[in-house]
Visitor: 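Before we start, here is the structure in question, set down as structure tokens.
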Amino acid sequence: MGSKKARRAWAGASAAVVVAVVAATGANGTAQARTPDGARWLTTSTQKPAPGVQVRTMTLRNAAAAPSWTVTVQAPATSRLTGAGTWAEVGSKSWADTTARRLTASGFRPRVAAVRWPDYSDTPHGVMGLRVRVGSYATQAAAQRAAGSIAAAGFHTTVTWTGYDADEPAAGEAVHVAVIDPRSFTGSVRATHDGRVAQRETTSSVAAKLRSLVAVNGGFFVTADSEGVQGTQSGLGAYGGRLESLSAGARAALVLQDGGRHDRVADVTTTVTVRSGRATYPVQGVNRVPGTVQDCGRPGASPSDLPWQDVTCHESDELVLLTPEFGAALPTGAGTQAVIDAAGRVVSVGVRGGSVPAHGAVLQGIGAAGDWLTAHARPGHPLAITKDIRDTTGRRIALGPHDSIVSAAPTLVKGGRISIDAATEGVVDPADLSFGYSWANVRQPRTMAGIDARGRLLLVTVDGRQKGGSAGFTLAEGAAFMRSLGAVQALNLDGGGSTAMAVDGRLVNVPSDATGERAVGDTVQVLPSPHH
């Protein structure tokens, strides 16, 4: 199962089983199936919380899988973004050969394996690099002891569970699939931050509060004070027809229109402009701290104006809009602030701080943007703010009161084909193998969304980081799974410890954080009709 050809055959067999079982399983029923080689089997149970809503629970096992603990010797690397020294899971052939010789001379028995690029649409193909490992251990403690000995000999080590490797079969995967058919479902689907942008709540607690039928976690969000205000989105977020966060470059978004009657996945960008008379200035942020840009992707950001997952960029000159939904004390610091009333007229101009008026807005500017605001924001005079949301084809997305958007990365399926633009959306870097390797190429908990050919919305979670249990998916495995369900469009939502699905207000998956279900920034909720 180590070759690329074998992996593709395995994925194809699994997909066939998924489709066969889904087709054969009735409401609240169970079914089992086995792949042609007999190694992989699948069990499903199905619930129907409401007409047009179906939730399938799938448990996949592979009797041929034999994961173990091992010691990975890491390769020295340099971050392309910061120039700082770091470490990578794979390295060049010359590094691998030299490292293997040194390990052998030190009394260890290394094994060297080529790691291939997944089938991303915008990265090289073939061998990514070589991986050097030592030993196979039954317990983590034994691997840690071996790692200590190898490190003492002058190597940089990490302890690894091989069940998360893309080039080995997964021993187990626990998957939940919700299918919402807009032709028969009379309720609605919407994204929500549940009242305040600057807050974090668990998916299941919001679901219970809203009495939703199904819920999953949504897009990427700020998780630390050093990155901004916790709970705020680090990409595009729109709720109830209101734009509450700007895109981080052209990244994948789930667009839920007409309460989920018309859904699609698209790479989306946002443009906001403020005008005073004939003078205009671009707004680079909505509901975030001026100068701090989580996931980068905004013009003028340093060290990059391209999207970079989990990287905090900075701006010295930018205008930020804060809305009443921000729901927290306004950021303070150098710069200028203009408070605007419901009619769009400037109420006051001064130092940054305070709170957003209930029916108004606040503009905060730093650097040249602060100077522009000082010069053009005059009490009693209007400031006009225009907002434009478009996909990469140039098609404008007009937001109505029943429309919402959640954004993450990357795209997984496009036009009915697997199409993972991992480099373009900033989750891997072909020029820096230390960046995004584990995030994208190692099995992790994932939350995904897609649309099938019948226009049905697919909301999917896979549990991960459970040694001996559910391993999770790589991005490529997630894309293959979504395609096996019939998705013609799909994207990766926030995952890892954020991955959660609730059915009838109760958590049904097993989150990976040791502390339990993680409080997140926004969620996607499938809500019953008012007469349900």
Side-chain angles (χ1 to χ4, degrees), residues 2-12 14-15 77 80-81 88-92 113-131 164-168 170 220 235 248-254 265-268 295-297 304 306-311 392 407-450 460 462 464 472-484 487-496:
S3 72
K4 190 173 185 180
K5 183 177 180 181
R7 292 200 305 276
R8 282 177 171 167
W10 166 81
S14 299
R80 189 162 74 93
L81 273 178
E89 295 291 304
V90 295
S92 66
V115 176
R116 302 182 68 86
W117 278 103
D119 288 333
Y120 299 144
S121 62
D122 56 0
T123 64
H125 298 284
V127 175
M128 176 192 298
L130 281 85
R131 181 177 64 206
Y164 301 154
D165 291 343
D167 53 359
E168 295 295 331
F220 301 134
R251 297 185 105 184
L254 174 64
V265 172
D267 288 347
V268 178
D295 292 350
C296 307
S304 177
L306 299 175
W308 290 89
Q309 184 60 30
D310 293 333
V311 173
T392 49
S407 174
T411 301
L412 300 177
V413 179
K414 183 177 181 180
R417 298 178 178 273
I418 292 174
S419 181
I420 310 169
D421 53 352
T424 302
E425 296 203 45
V427 298
V428 300
D429 180 9
D432 178 4
L433 299 183
S434 70
F435 180 80
Y437 179 88
S438 295
W439 195 99
N441 308 326
V442 171
R443 293 188 178 113
Q444 301 281 2
R446 309 270 178 197
T447 302
M448 300 165 288
V460 179
V462 58
F473 288 153
T474 66
L475 280 182
E477 288 172 341
F481 188 82
M482 294 301 290
R483 186 66 195 91
S484 79
V488 294
Q489 307 171 34
L491 82 160
N492 182 67
L493 292 173
D494 193 14

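Just so you know, these numbers come straight off a predicted model, no measurement behind them. When reading the values below, keep in mind they use all heavy atoms of this one structure, side chains included, and skip hydrogens, waters and symmetry mates.
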Visitor: Working to the nearest 0.5 angstrom, can you tell me the gap between Ile418 CD1 and Leu475 CG?
Guide: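 Going from CD1 on Ile418 over to CG on Leu475, the span is 11.5 Å.
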Visitor: State whether the side chain of Asp295 and the backbone N or O of Asp310 hold a donor-acceptor pair below 3.5 Å, judged by distance alone.
Guide: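 Such a contact is found between Asp295 side chain and Asp310 backbone.
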Visitor: Show every side-chain hydrogen bond (donor to acceptor under 3.5 Å, both in side chains) that has at least one partner inside residues 430-440, sequence neighbours left out.
Guide: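 Qualifying pairs: Asp432-Ser434.
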Visitor: Closer than 3.5 angstrom, by distance alone: can the side chain of Arg483 be matched with the main-chain N or O of Gly416 as a donor-acceptor pair?
Guide: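 Between the backbone of Gly416 and the side chain of Arg483 there is a qualifying donor-acceptor contact (under 3.5 Å).
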Visitor: Ala408 and Glu425: which non-hydrogen atoms are nearest, and at how many Å?
Guide: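 That would be O-OE1, 3.9 Å.
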Visitor: Going by side chain to side chain contact (heavy atoms under 4.5 Å, CB included), name the residues that satisfy it together with Thr123, two or more places apart in sequence or in a different chain.
Guide: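 Only Trp117, Tyr120, Ala423, Val428, Pro430 meet the side chain to side chain contact (heavy atoms under 4.5 Å, CB included) criterion with Thr123.
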Visitor: Taking side chain as C-beta onward, heavy atoms only, is Asp165 less than 4.5 Å from Arg131?
Guide: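 SC-SC contact between Asp165 and Arg131 confirmed.
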Visitor: Indicate the atoms forming the closest heavy-atom contact of Leu81 with Ser304, along with that distance.
Guide: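 Of all heavy-atom pairs spanning Leu81 and Ser304, the closest is CD2-CB, 4.0 Å.
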Visitor: Which atoms form the tightest heavy-atom contact between Asn492 and Ala409, and what is the distance?
Guide: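 Reported closest heavy-atom pair: ND2-O, 2.9 Å.
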Visitor: Taking all atoms of both residues into account, what is the closest heavy-atom pair of Pro118 and Ala476, and its distance?
Guide: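 Taking every non-hydrogen atom into account, CB-CB, 4.1 Å.
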Visitor: Quick check: does any side chain N or O of Ser419 sit under 3.5 Å from a backbone N or O of Val413, one acting as donor and the other as acceptor?
Guide: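 Pair absent, no side-chain N/O of Ser419 close to backbone of Val413.
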Visitor: Please report the shortest heavy-atom distance between Ala88 and Ala77, naming the atom on each side.
Guide: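 Shortest heavy-atom separation between Ala88 and Ala77 comes out as CB-CB, 4.2 Å.
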Visitor: For Ile420 and Pro410, work out which heavy atoms get closest and say how close.
Guide: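 Closest approach of Ile420 to Pro410, heavy atoms only: CG2-CG, 3.9 Å.
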Visitor: Say you draw a straight line from CG of Asp267 to OG1 of Thr411; how long is it, rounded to the nearest 0.5 Å?
Guide: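 Answer for the CG-OG1 pair, Asp267 versus Thr411, is 4.0 Å.
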Visitor: To the nearest 0.5 Å, what is the distance between CG (Asn441) and CE (Met128)?
Guide: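 Separation between the atoms: 4.5 Å.
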Visitor: Got a salt bridge between Asp421 and Lys414, using NZ or NE/NH1/NH2 to carboxylate O under 4.0 Å?
Guide: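 The answer is no: the pair does not qualify as a salt bridge.
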Visitor: Quick one: list whatever passes side-chain hydrogen bond (donor to acceptor under 3.5 Å, both in side chains) with Gln489, sequence neighbours left out.
Guide: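 Not a single residue meets the side-chain hydrogen bond (donor to acceptor under 3.5 Å, both in side chains) criterion with Gln489.
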Visitor: With a 4.5 Å limit on heavy-atom distance, are the side chains of Arg251 and Val427 in contact?
Guide: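 They are in contact (side-chain heavy atoms under 4.5 Å apart), so the answer is yes.
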Visitor: Can you find a pair of side-chain heavy atoms, one from Arg446 and one from Phe481, that are under 4.5 Å apart?
Guide: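 Not touching, per the 4.5 Å side-chain cut-off.
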